[in-house]
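To start, the structure itself, in structure tokens.
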Number of protein chains: 2
Amino acid sequence: MADSQELRKAGLKATLPRIKVLEVLERSKLHHMGAEDVYKILLNAGEDIGLATVYRVLTQFEGARLVTRSNFEGGHSVYELNHGNHHDHILCVKCGKVDEFVDDVIEKRQRDIAAKAGYILTDHSLNIYGVCADCQSAAEQAQSIL
Amino acid sequence: MADSQELRKAGLKATLPRIKVLEVLERSKLHHMGAEDVYKILLNAGEDIGLATVYRVLTQFEGARLVTRSNFEGGHSVYELNHGNHHDHILCVKCGKVDEFVDDVIEKRQRDIAAKAGYILTDHSLNIYGVCADCQSAAEQAQSIL
DNA sequence: ATTTTAGATGAAAAAGATTCTCATTATCAT
DNA sequence: ATGATAATGAGAATCTTTTTCATCTAAAAT
Ligand SMILES: [Zn+2]
Ligand SMILES: [Zn+2]
Ligand SMILES: [Zn+2]
Ligand SMILES: [Zn+2]
């Protein structure tokens, strides 16, 4: 199977838990998944993989650049396959939907800011929070009913 | 005392724990403080204020717009007095130093991105991580010794 | 194919940050 | 001063993530 090779190419042993977690990330309709999400899917699929292993595997995948991790407010982290296209996130505070965006101007400004402050940039995290279009119309609905 | 009035103006009862926490935020040399930081300072000052109360008070202060809260990687949150000047943070991954910056271009782009995505913007969080100038020279020192 | 061995896993405990519970106490309008 | 209302302290609880350690397994060596 291709996943085994991908794991070895990344310098990781092709163990069953790693293959299964990678499959979940590839096949799930959710683009951004928390460790708990992955764990539950594996449980439902009858796989006997512990939550601690899911965390370990996801952390290793991050180290191997197979996935990226994003930390949102409230201590909730999500992982997604790394397709090499860096992006930031905009998410709905009502329903939890997560959208993505890329803004080259912001990216460049961040590099300039780091340089000006004398820092060697290693990472950055930009999250925009708001109410999505769906939740806005849902709120209007509720209003008209009252 | 002025702090009591400030608390009432913010719609909060002027209780002793609130006054003491506010004093710590005003007087500490640290501009960005975690709940634990505040708690330890109060302990050392001989105040009998529980950690749970510090958390509660800081959360209330945030609701009352007296302070702002920032969440950094690794589940570490810090509070600072709200002087009305919104800013973002750039921090050193080696020593933990926290610097601030404001970039109007980035701020505007974020508003545009939210609008374009159909979101009503409620908040955003931008943190830049890097190695500060001090830690860079420290690393060079270590190199030259080896 | 079997053995070997370094590395990986599962289960449960631990950790770290924050919130909740609830009996007790303090604030502030009357 | 008094009472209604809200706040506090201490510890338990929660939630996410990490660690421990005995057991197991992938891949290299025989
Ligand atoms: Zn929504
Ligand atoms: Zn994404
Ligand atoms: Zn530094
Ligand atoms: Zn700040």
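Proteins come first, then strands; the chains are lettered A, B, ... in the order of their sequence lines, and each starts at number 1.
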Whole angstrom value for the distance that separates [atom2] of [N] from [atom1] of [X]:
X	N	atom1	atom2	value
A:K20	C:dT9	NZ	P	14 Å
A:R69	D:dT18	CZ	C1'	11 Å
B:D37	C:dT18	CG	P	11 Å
A:R8	C:dA8	CZ	P	13 Å
B:E73	C:dG16	CD	P	19 Å
A:L16	C:dG7	CG	C1'	16 Å
A:H76	C:dA17	NE2	C1'	16 Å
B:L58	C:dT19	CG	P	10 Å

Give a yes/no answer on whether the side chain of B:Y55 brings an N or O atom under 4.0 Å of OP1 or OP2 in C:dT18.
yes
C:dT18 OP1/OP2 closer than 4.0 Å to side-chain N/O of B:S77
yes
With nearest nucleotides of DNA chain C determined for B:N71 and A:V54 from heavy-atom distances, which residue corresponds to the more 5′ nucleotide?
A:V54
Parallel, tilted or perpendicular: which fits the ring planes of A:H86 and A:H124, with parallel below 30° and perpendicular above 60°?
perpendicular
Counting only N and O atoms by type, is there a donor-acceptor contact under 3.5 Å from the side chain of B:S137 to the main-chain atoms of B:D134?
yes
So, the side chain of A:D112 versus the backbone of A:R109: is there a donor-acceptor pair under 3.5 Å, distance only?
no
Is there a residue in residues 40-53 of chain B whose heavy atoms reach under 4.0 Å of DNA chain D, and which residues are they?
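Contacting residues: B:D48, B:I49, B:G50, B:A52, B:T53.
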Option passing ring pair (Phe, Tyr, Trp, His ring centres under 6.0 Å) with B:H89 (candidates B:F72, B:Y129, B:F101)
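Only one option passes, and that is B:F72.
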I want to check something: taking the side chain as every heavy atom from C-beta on, are B:E100 and B:E80 in contact at a cut-off of under 4.5 Å?
yes
Is there a side-chain contact between A:I49 and A:V54 (heavy atoms, below 4.5 Å)?
yes
Anything under 3.5 Å between a protein N or O and an N or O of nucleotides 2-7 of chain D, put it in a table, one pair a line.
from: D:dA6; atom 1: O4'; to: B:K13; atom 2: NZ; distance (Å): 3.4
from: D:dA7; atom 1: OP1; to: B:R18; atom 2: NH2; distance (Å): 3.0

When you compare the side chains of B:D37 and B:Y79, does any donor N or O come within less than 3.5 Å of an acceptor on the partner?
no
Is A:A14 touching bases, backbone alone, or none of the nucleic acid, heavy atoms closer than 4.0 Å?
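Touches sugar-phosphate only.
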Matching residue for A:L58 among A:V21, A:T53, A:L66 - test: side chain to side chain contact (heavy atoms under 4.5 Å, CB included)
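Answer after filtering A:V21, A:T53, A:L66: A:V21.
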Please name all residues satisfying side chain to side chain contact (heavy atoms under 4.5 Å, CB included) with A:S77, sequence neighbours left out, ordered by chain then number.
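For A:S77, the residues satisfying side chain to side chain contact (heavy atoms under 4.5 Å, CB included) (neighbours in sequence not counted) are A:R69, A:N71.
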